[in-house]
K.L.:
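A single structure is presented below for examination.
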Amino acid sequence: MKKTKLMNRRVIVLALFVFYMYALLRIILFKFRWRDMTFLWHQLQTNLGNPDILMYQLQRGNFFPFKTIFINIQSLSWWHDFSNLVGNIALFIPFGMFLVFLSKNKGMSFIGVLAGSLSLSLCLECLQVVFSLGIFDVDDLILNTSGGLLGYCVIKLYDKVYSKFIGNTSSIVQDRDIVEKQEAGEPYHK
């Protein structure tokens, strides 16, 4: 019975992850607008067929760490600056959490979440350039990766507090271990 309940929880988490990734693409890549495939295909062909366009897109980008972050901090009175600063972190907090929830064994490591968050952010930044949907900004990589790591820390802290104060029940990580050991046919010993 517990195995079925935990498997259902895993399916729900996976479905939420798919929805989250859809929303993330919609927000970061398409800025809440949806582009049809014809437009995206045209942009891709145009940009790959003419390297000058890609070079121009890259020249418009920010490759100096903390440049945009400092500008945003200095002018936090503007909604755009505040949403850029806080939004890039907040959007990736769930990603760090999902990496832990969906990973095998005892969850993904800090380095794994760092690499995963940085990789996803880099892919999104590069796609913005390739499809001319935005500019490359190294500060977005820093903020997004920080958000993923913050999500990781929230889950790890929750697990630590949960197992300390509610010692008789298992934490998220322990529940995942039970399911994985049962799937592998191994007995689980607490």
Side-chain angles (χ1 to χ4, degrees), residues 2-32 65-66 68-73 76 79-128 134 137-183 188 190:
K2 189 171 185 173
K3 181 179 176 181
T4 305
K5 182 179 173 185
L6 293 173
M7 290 301 290
N8 288 342
R9 188 183 307 167
R10 190 175 182 106
V11 169
I12 290 169
V13 169
L14 188 58
L16 288 171
F17 178 69
V18 169
F19 176 75
Y20 163 75
M21 291 301 292
Y22 168 77
L24 189 68
L25 284 173
R26 187 87 189 246
I27 293 167
I28 290 182
L29 201 55
F30 302 115
K31 315 294 187 244
F32 293 102
F66 303 105
T68 308
I69 292 172
F70 289 139
I71 290 169
N72 288 335
I73 289 172
L76 276 178
W79 170 248
H80 173 73
D81 296 315
F82 178 78
S83 66
N84 186 50
L85 190 63
V86 176
N88 276 311
I89 295 170
L91 281 173
F92 267 70
I93 290 173
F95 186 71
M97 295 172 149
F98 279 121
L99 287 179
V100 174
F101 286 143
L102 296 172
S103 63
K104 299 275 184 196
N105 301 329
K106 291 217 180 248
M108 189 162 284
S109 68
F110 183 85
I111 299 298
V113 173
L114 175 89
S117 298
L118 181 62
S119 297
L120 177 60
S121 182
L122 183 60
C123 283
L124 292 171
E125 291 297 310
C126 290
L127 286 173
Q128 287 184 72
D137 191 345
V138 71
D139 288 343
D140 287 348
L141 297 176
I142 294 168
L143 295 170
N144 293 341
T145 303
S146 298
L149 292 173
L150 187 59
Y152 168 84
C153 291
V154 165
I155 292 301
K156 291 301 183 176
L157 180 65
Y158 173 82
D159 263 357
K160 189 170 278 193
V161 169
Y162 188 84
S163 63
K164 182 175 183 168
F165 290 110
I166 308 177
N168 294 339
T169 59
S170 59
S171 68
I172 296 168
V173 172
Q174 289 170 335
D175 285 347
R176 188 176 45 243
D177 287 347
I178 292 169
V179 170
E180 289 170 1
K181 288 195 182 236
Q182 286 176 346
E183 287 174 351
Y188 178 78
K190 197 169 184 179

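Because the structure is predicted, anything quoted here is derived from the model rather than measured. Throughout, residue positions are numbered sequentially from 1 according to the sequence presented.
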K.L.:
Nearest 0.5 Å, what's the CG-OG distance between Leu91 and Ser121?
P.N.:
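Reported to 0.5 Å precision, the distance equals 10.5 Å.
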K.L.:
Working to the nearest 0.5 Å, report the span between CD of Gln128 and CZ of Phe30.
P.N.:
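Rounded to the nearest 0.5 Å, the CD-CZ separation comes out at 10.0 Å.
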K.L.:
Measuring from Leu85:CG to Asn72:CG, what's the distance to the nearest 0.5 Å?
P.N.:
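If I round to the nearest 0.5 Å, the distance is 5.5 Å.
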K.L.:
Among Asn144, Val154, Leu114, find the one that has a side chain to side chain contact (heavy atoms under 4.5 Å, CB included) with Leu149.
P.N.:
Leu114
K.L.:
How far does NZ of Lys156 sit from CE of Met108, to the nearest 0.5 angstrom?
P.N.:
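So the NZ of Lys156 and the CE of Met108 are separated by 10.5 Å.
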K.L.:
Out of the candidates Leu141, Leu24, Thr145, only one should pair with Leu120 under the side chain to side chain contact (heavy atoms under 4.5 Å, CB included) rule; please name it.
P.N.:
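The residue from Leu141, Leu24, Thr145 that satisfies side chain to side chain contact (heavy atoms under 4.5 Å, CB included) with Leu120 turns out to be Leu24.
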K.L.:
Could you state the interatomic distance from OG1 (Thr68) to CZ (Phe70), rounded to the nearest 0.5 Å?
P.N.:
11.0 Å
K.L.:
Looking only at heavy atoms, which two atoms of Arg10 and Leu102 are closest? And how far apart?
P.N.:
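Smallest heavy-atom distance, with atoms named: NH2-O, 3.8 Å.
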K.L.:
How close do Gly148 and Ser117 get, heavy atom to heavy atom, and via which atoms?
P.N.:
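Nearest pair, atom of Gly148 first, then Ser117: CA-OG, 3.4 Å.
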K.L.:
Working note: Asn84 + Asp140, criterion side-chain contact (heavy atoms from CB on, under 4.5 Å); need CA distance, chi angles, decisive distance, verdict.
P.N.:
CA-CA 9 Å; Asn84 186 50; Asp140 287 348; 3.9 Å; yes
K.L.:
What's the spacing between Leu143 CG and Phe92 CZ if we round to 0.5 Å?
P.N.:
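Leu143 atom CG to Phe92 atom CZ measures 10.5 Å (nearest 0.5 Å).
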K.L.:
Do Phe66 and Ile73 come close enough that some side-chain heavy atom pair is under 4.5 Å?
P.N.:
no
K.L.:
I'd like to know if the side chain of Glu125 and the backbone of Asp137 have a donor-acceptor N/O pair within less than 3.5 Å.
P.N.:
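Yes, because the side chain of Glu125 sits within donor-acceptor range (under 3.5 Å) of the backbone of Asp137.
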K.L.:
Could you check whether the rings of Tyr152 and Phe110 sit parallel, tilted or perpendicular, using 30° and 60° as the cut-offs?
P.N.:
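Judged by the thresholds at 30° and 60°, the geometry between Tyr152 and Phe110 is perpendicular.
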K.L.:
Parallel, tilted or perpendicular: which one describes the rings of Phe101 and Phe98, with boundaries at 30° and 60°?
P.N.:
perpendicular
